[in-house]
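Data block below; observations after.
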Number of protein chains: 2
Amino acid sequence: MVGSVETVSDVVNGIVKEYMAENVEPLPEELNPKKIKVPLHLKNEDGADNGENSTLVSGKREIVLGRNVHTSCLEVTEPDADDEVTGDREACMASILARYRKSLIERTRHHLGYPYNLDFDYGALAQLQHFSINNLGDPFIESNYGVHSRQFEVGVLDWFARLWELERNEYWGYITNCGTEGNLHGILVGREVFPDGILYASKESHYSVFKAARMYRMDCVMVNTLVSGEIDCTDFRAKLLQNKDKPAIINVNIGTTVKGAVDDLDLVIKILEDTGFNHDRFYIHCDGALFGLMMPFVKRAPKVSFKKPIGSVSVSGHKFVGCPMPCGVQITRLDHINALSRNVEYLASRDATIMGSRNGHAPIFLWYTLNRKGYRGFQKEVQKCLRNAHYLKDCLRSEGISAMLNELSSTVVFERPQDEEFVRRWQLACQGNIAHAVVMPNITIEKLDDFVKELTAKRSTWFKDGKAQAPCIADEIGAENCACARHN
Amino acid sequence: MVGSVETVSDVVNGIVKEYMAENVEPLPEELNPKKIKVPLHLKNEDGADNGENSTLVSGKREIVLGRNVHTSCLEVTEPDADDEVTGDREACMASILARYRKSLIERTRHHLGYPYNLDFDYGALAQLQHFSINNLGDPFIESNYGVHSRQFEVGVLDWFARLWELERNEYWGYITNCGTEGNLHGILVGREVFPDGILYASKESHYSVFKAARMYRMDCVMVNTLVSGEIDCTDFRAKLLQNKDKPAIINVNIGTTVKGAVDDLDLVIKILEDTGFNHDRFYIHCDGALFGLMMPFVKRAPKVSFKKPIGSVSVSGHKFVGCPMPCGVQITRLDHINALSRNVEYLASRDATIMGSRNGHAPIFLWYTLNRKGYRGFQKEVQKCLRNAHYLKDCLRSEGISAMLNELSSTVVFERPQDEEFVRRWQLACQGNIAHAVVMPNITIEKLDDFVKELTAKRSTWFKDGKAQAPCIADEIGAENCACARHN
């Protein structure tokens, strides 16, 4: 197909001829390829944004509301009548996939900004890709659909319930599509427990928390944060006192998205108690997207535990564990879940999940990794990540670059590189004047050295001849971490 | 591990010894395996509900609220200290996976009840399972995360927008995690367009529609259905007239879940207009989970098209297309989407999706199949499914079994088998006195013959000697389709 000079009408004629030969009904008129606009042949536009050419793109990107900009698109085109004979189409698709795979290798190699462990090997599970595995509805109640992986899912859930200290017969949970679904679920459970509750979340909470408030039509109070990114408990106390008449639903961050800051769960609970919120008047959801799985292995870290008065904990599966697609784990108390349950006979299953149909492969990926690594394996990896994160922060500081690393975190926050091309090359996540790198198990010392070397070299061109000065980011990361001219 | 008589304390001792040898920090106390309850060795309980033993299970299952019944669970256990040396753990896991794969083959073979096309071959895509592909946020706006598949996603979206007649520069959409996410999104867009709108949905709508109403705190009016399962437009008109002061958000079923009934979109629109709802006072979401992709290829079927005043259409990707995991496509009008959009700098992406982090493999599966089959390929498959569905209905009727098949549908509704074991063996979806089989591309005439033969044989034992009589299901499927003693 690619490289062919066949026109659309050739294709159409081919189709029409074949129809006539087979005596099949004609395609409905609206699908007549003659009427279909722009049925281009397959274009190979995968270079610009994900391939070897990505470093060629530079300049600030614009975020445009209300436009669906087709920056790159691999079009779906109608097969030629003789495609099955010539094999051209298969060949063309194979070449697109091979090129795409190459770009994925390159992009996976140069990646620092997102909290995804890109180092995994699920070769042993490739045999399962031939099956349409779907865990419909509740993990603990069979549906009639037999091609599922509930037995793996429940094993994984048990492991996490144990990690967060909730008895096997007292928890409920499921494997979600991502961290966002965990937050959506936890906050929904909170709202069902306290229909007139107010949602409190620090302003550095993940945006899905505020999305939930909007979706669920909940009153939401945004709480200030400290420079570290932690919730400002003084502000939290003040805001609770202003709304004493309504129950409180609180999102506690076990690692914020940008700075990896861990909210002080014990202090949050103490303030709730001090301000007169009894345990039957608040619900705490812990958003542990990344750190929910790291914290248990960090010495002296505050503990996330259902022995404390919390309602739910969520964690992502594609972050510290590593998984081909996003997924997550949501654990809550069994007695909360009835508030949300509905009995749906169609599936022979009550459905307290958000999604209903659920990816049955994700539980198997998680089960596989948890079984191979165990608590001990995760502990080793967490310790390595924290060590390497310290190494990165120290390297940056010794090069005179502003940088911050929270005590319990492997997220190194630093001065935003001036060059969008560099940001994109290393896939850094940025916000205002700061960027971050998240040191995950696949990030080696060698990769960090490469990164710092490259950043230092680039930086010398951005700030040479006093053309510009490194910005002050003391407001974002604290004066003691800022290396600008004033704070140096 | 399996078959070993090692005790938990042996395992613990092994771990402790290795710690001392490696001089690593000890595990936090709460993860000390001594304190972990029931750390059984891997149990192989995968037979009962998904394997070769499934036919041994019988009797009515109970749906229990408020319990997380561990009917089957493959536990995650802590590795032994010497697992890497002996290879025991790898061997044990491999054997579990091999057995699981065998059960999946069997369960895939005996499947009639869910609208999933289980016939696909994505071997060419196995190479991509090594990558953590995530389409963060909006498909049309790049995020900084480079390991994505937006170019495939946009190609697939273009194809669907074309199918439903919305110009390339006028639509917005994304690939969802399942049909439920499409409904959640479509109804949310409707609510954002009309914040005080009332949601109308026929009582045979998918349960996710009512879940959405509850999640979003929307007023919801349930509309009656005809025997066919279609929305009862007389009742719809009456209910609109009772609520003329508020905008209407309507869920239109393009194929209901149980009976495959297609609501009459044109009539719904006409009634809205007749009752004084101008186009700026209603929003229609079309739930086309299965039939959204079949209808365009059915002669004389009413057309789903954005040339009509509809707001969004969703379809599942794992149903007619076939996909290893649930996914779906959601298409809406670009000018609606700003109501929902938020600019989230963290991702360098506005986020009008529900999930934020999105499975990047699903778009590639869809792209691959659409490119191979094309409109023409789907047309052939749709025609085959409709023919085979007629064949099944005719076989059932000629055996004296009550059965109904809606004109535009491949869902055959029939008398619920009396034996739960049989229901489970064929994975039939049931509701009250009826069951259904959905004839998908992987269902052959041979399989249907086997099914009817087996059903007939079983049935003769259920109803022999006048012990019991086949129930009357005229209320569910119409007197003309009922073969009970009275209606025969």
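Order of the sequence lines sets the chain letters (A, B, ...), proteins ahead of strands, with each chain counted from 1.
With salt bridges taken as basic N to acidic carboxylate O contacts below 4.0 Å, one links A/Glu75 and B/Arg168.
Using a 4.5 Å heavy-atom threshold, the side chains of A/Tyr368 and B/Leu97 count as touching. In this structure, B/Leu184 and A/Ile354 have side chains that are in contact, with non-hydrogen atoms separated by less than 4.5 Å. Side-chain contact check for B/His148 versus A/Arg107: every heavy-atom pair is 4.5 Å or farther apart. A heavy-atom distance below 4.5 Å is not found between the side chains of B/His130 and A/Tyr122. By the 4.5 Å heavy-atom criterion applied to side chains, B/His318 and A/Ser357 are counted as neighbours.
Counting heavy-atom pairs under 4.5 Å between each of B/Val156, B/Leu118, B/Leu128, B/Leu157 and chain A puts B/Leu128 at the top. Heavy-atom pairs under 4.5 Å with chain B peak, among A/Gly123, A/Ala362, A/Gly155, at A/Gly155. Between chain A and the options B/Arg358, B/Arg191, B/Glu153, B/Glu181, the largest number of non-hydrogen pairs under 4.5 Å is found for B/Arg191. Interface summary for chain A: among B/Thr108, B/Asn177, B/Leu370, the most heavy-atom pairs under 4.5 angstrom belong to B/Asn177. Across B/Pro326, B/Gly322, B/Gly377, B/Gly374, the residue that shares the most heavy-atom pairs under 4.5 angstrom with chain A is B/Pro326. In terms of non-hydrogen atom pairs under 4.5 Å with chain A, the most contact-rich of B/Ala124, B/Ser305, B/Cys178 is B/Cys178. Comparing B/Trp426, B/Phe152, B/Trp159 by heavy-atom pairs within less than 4.5 Å of chain A, the highest count is held by B/Phe152.
Heavy-atom distances place both the backbone and the side chain of B/Arg372 under 4.5 Å from chain A. For A/Tyr216, the parts lying under 4.5 angstrom from a heavy atom of chain B are both the backbone and the side chain. Only the side chain of B/His361 has a heavy atom closer than 4.5 Å to any heavy atom of chain A. Only the side chain of B/Glu90 comes within contact range of chain A, judged by heavy atoms closer than 4.5 Å. The parts of B/Ile133 that come within reach of chain A are both its backbone and its side chain, each placing non-hydrogen atoms under 4.5 angstrom from that chain. In this structure, the portion of B/Leu428 lying under 4.5 Å from any heavy atom of chain A is its backbone and not its side chain. Both the backbone and the side chain of B/Leu125 come within less than 4.5 Å of a heavy atom of chain A.
Interatomic distance, A/Asn144 CG to B/Arg424 CZ, rounded to the nearest 0.5 Å: 7.0 Å. Taken to the nearest 0.5 Å, the CZ atom of B/Arg376 stands 6.0 Å off from the CD atom of A/Glu78.
The heavy-atom pair separating A/Trp367 from B/Val76 by the smallest distance is CD1-CG2, 3.7 Å. The two residues A/Gln129 and B/Phe120 have their closest heavy-atom pair at O-CE1, 3.6 Å. For the pair A/Tyr207 and B/Gly356, the tightest heavy-atom approach, listed with the atom from each and the gap, is OH-CA, 3.6 Å.
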Task: Residue pair B/Gln427, A/Val147: steps toward the side-chain contact (heavy atoms from CB on, under 4.5 Å) verdict - done: CA-CA 9 Å; B/Gln427 301 168 56; A/Val147 188; 4.2 Å; yes
Open item on the list: Evaluate B/Met325 against A/Asn134 for side-chain contact (heavy atoms from CB on, under 4.5 Å), listing each step before the verdict.
Closed with: CA-CA 6 Å; B/Met325 69 280 294; A/Asn134 188 338; over 6 Å; no
Open item on the list: For a side-chain contact (heavy atoms from CB on, under 4.5 Å) check, start with the C-alpha distance between A/Asp158 and B/Cys73, then their side-chain angles and the critical distance, and finish with the verdict.
Closed with: CA-CA 9 Å; A/Asp158 279 355; B/Cys73 168; 3.6 Å; yes
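Under a 3.5 Å cut-off, the side chain of B/Lys211 and the backbone N or O of A/Thr353 do form a donor-acceptor pair.
Partners of B/Phe131 by ring-ring contact (aromatic ring centres under 6.0 Å, His included), not counting sequence neighbours: none found.
Aromatic pair A/His111/B/Tyr145: centroids less than 6.0 angstrom apart.
Under 3.5 Å, the side chains of B/Asn371 and A/Arg89 contain a donor-acceptor pair of N or O atoms.
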